> 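Here you go, one structure.
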Amino acid sequence: MYVGNISQWQKEAAYLPTQLVPWIEKLASLDIQKLTPGRHELEDGNYMNVDVTETAPANQRNMEAHRSYIDIQMVIEGSEIIGYQPVCQAGDIVEDRSASDAWFYQPPVSADTKIHMGTGTFAIFTPADGHRCLCAPDGMSRPIRKIIMKIKI
């Protein structure tokens, strides 16, 4: 798992896995205000989703993990908390959506490492990283707009 800010991605590039640097560069080059909601195909089986949705209290959100993709998530507008736990500590799978490369877990929210995601913050999640997305920072549902790049591994 890695957290950074797109405004200084070039300084952070030296610390990222080399295969992810072109994707962060692409993310930084997007005219994010003009992106329409939905799925946008990238090259070589990679894609990104532009989501316009709402946050919710953390106890209403499940943790998720993927096996075929690395997630690069970035907030465009709004803020969220992403709860992180290693998948090996997330417990049993409570929902299997393997057809869409998603497995869901319900570990205790109290065990989450909390990542505050504001505008321009990006986080990288590998298959070993459980992530509880769209948690409301103040417990109150609020609108959020974000990008989720799906990088095939």
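In this chain, residues are counted from 1 in sequence order. The structure displayed is predicted, hence computed values, not measured ones.
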> What pairs of residues pass the side chain to side chain donor-acceptor pair (under 3.5 Å) test when at least one of them lies in residues 17-33, not counting sequence neighbours?
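Those involving residues 17-33 do not exist here.
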
> Which pairs, with at least one residue in residues 41-54 and sequence neighbours excluded, count as a salt bridge (Lys or Arg N to Asp or Glu O under 4.0 Å)?
Arg39-Glu41

> Scan for ring-ring contact (aromatic ring centres under 6.0 Å, His included) pairs involving residues 77-130, sequence neighbours excluded, and state none if there are none.
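Residue pairs passing ring-ring contact (aromatic ring centres under 6.0 Å, His included), neighbours aside: Phe125-His131.
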
> Looking at residues at least two apart in the chain, or sitting in another chain, which of them share a side chain to side chain donor-acceptor pair (under 3.5 Å) with Asn62?
Gln106

> Show the nearest heavy-atom pair for residues Thr36 and Val50, with the distance to one decimal.
O-CB, 3.4 Å

> Considering residues at least two apart in sequence or located in another chain, which fulfil the side-chain contact (heavy atoms from CB on, under 4.5 Å) criterion with Pro127?
Ile70, Ile153

> As a test of understanding, state which of Val75, Ile32, Leu35 forms a side chain to side chain contact (heavy atoms under 4.5 Å, CB included) with Arg145.
Leu35

> For a side chain to side chain donor-acceptor pair (under 3.5 Å) check, start with the C-alpha distance between Glu12 and Gln8, then their side-chain angles and the critical distance, and finish with the verdict.
CA-CA 7 Å; Glu12 297 181 24; Gln8 63 179 26; 2.7 Å; yes

> Between Gln85 and Pro108 (side chain of the first, backbone of the second, donor and acceptor by atom type, cut-off under 3.5 Å), is there such a pair?
yes

> Test of understanding: with side-chain contact (heavy atoms from CB on, under 4.5 Å), list the residues that count as partners of Pro37, not counting sequence neighbours.
Val52

> If I take atom OG1 from residue Thr55 and atom CD1 from residue Ile81, how far apart are they, to the nearest 0.5 angstrom?
9.5 Å

> With clusters defined by side-chain heavy atoms of hydrophobic residues (ILVMFWY) lying less than 4.5 Å apart, directly or transitively, does Leu30 cluster with Val21?
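Same cluster: Val21 reaches Leu30 through Ile, Leu, Val, Met, Phe, Trp or Tyr contacts under 4.5 Å.
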
> Would you give the length of the straight line joining atom CD1 of Ile124 to atom OG1 of Thr126, rounded to the nearest 0.5 angstrom?
10.0 Å

> Determine which pairs satisfy ring-ring contact (aromatic ring centres under 6.0 Å, His included) with at least one residue from residues 38-59, sequence neighbours left out, and list them in order.
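Sorted pair list: Tyr47-Tyr69.
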
> Rounded to the nearest 0.5 Å, what separation is found between the CD atom of Glu80 and the OG1 atom of Thr121?
9.5 Å

> With rounding to the nearest 0.5 angstrom, report the CD1 to CE distance, Ile147 to Met48.
5.5 Å

> If you measure from CD1 on Ile72 to CD1 on Ile151, what distance do you get to the nearest 0.5 Å?
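Separation between the atoms: 4.5 Å.
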
> Any salt bridge (Lys or Arg N to Asp or Glu O under 4.0 Å) pairs touching residues 56-65, not counting sequence neighbours?
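Qualifying pairs: none.
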
> Working to the nearest 0.5 angstrom, can you tell me the gap between Ser79 OG and Met117 CE?
10.5 Å

> Short question: side chain of Asp101, backbone of Arg67 - any donor-acceptor pair under 3.5 Å?
yes

> Quick one: which residue pairs count as a salt bridge (Lys or Arg N to Asp or Glu O under 4.0 Å) with a foot in residues 108-134, not counting sequence neighbours?
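For residues 108-134, and leaving out neighbouring residues, the salt bridge (Lys or Arg N to Asp or Glu O under 4.0 Å) pairs sorted by first residue read Asp112-Arg132.
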
> For Asp92, does the CG atom sit with more than 12 other heavy atoms under 6.0 Å from it, leaving out its own atoms?
no

> Determine whether a donor-acceptor pair (N or O, by modelled atom type, separation under 3.5 Å) exists between the side chain of Asn46 and the backbone of Lys152.
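Judged by distance alone, yes, a pair lies under 3.5 Å.
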
> For Gln73, what residues pass the side chain to side chain donor-acceptor pair (under 3.5 Å) criterion, not counting sequence neighbours?
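By the side chain to side chain donor-acceptor pair (under 3.5 Å) rule, Gln73 matches Asp71, Lys146.
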
> Tell me, with the steps shown, if Thr113 and Met1 meet side chain to side chain contact (heavy atoms under 4.5 Å, CB included).
CA-CA 11 Å; Thr113 296; Met1 194 251 327; 5.6 Å; no

> Would you call Asp138-Arg142 a salt bridge at under 4.0 Å N-O?
yes

> To check you understand the geometry: which heavy-atom pair defines the closest contact between Ser141 and Ala136, and what is its length?
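Looks like N-CB, 4.4 Å.
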
> Quick test of your reading: applying salt bridge (Lys or Arg N to Asp or Glu O under 4.0 Å), list the pairs with at least one residue in residues 117-127, sequence neighbours left out, ordered by first then second residue.
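Every candidate salt bridge (Lys or Arg N to Asp or Glu O under 4.0 Å) pair involving residues 117-127 fails, so no pair, neighbours aside, qualifies.
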
> Are Ile6 and Leu16 connected, step by step, through hydrophobic side chains (Ile, Leu, Val, Met, Phe, Trp, Tyr) whose heavy atoms are closer than 4.5 Å?
yes

> Which residues pass the side chain to side chain donor-acceptor pair (under 3.5 Å) test with Thr53, sequence neighbours left out?
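Side chain to side chain donor-acceptor pair (under 3.5 Å) check on Thr53 returns nothing, list empty.
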
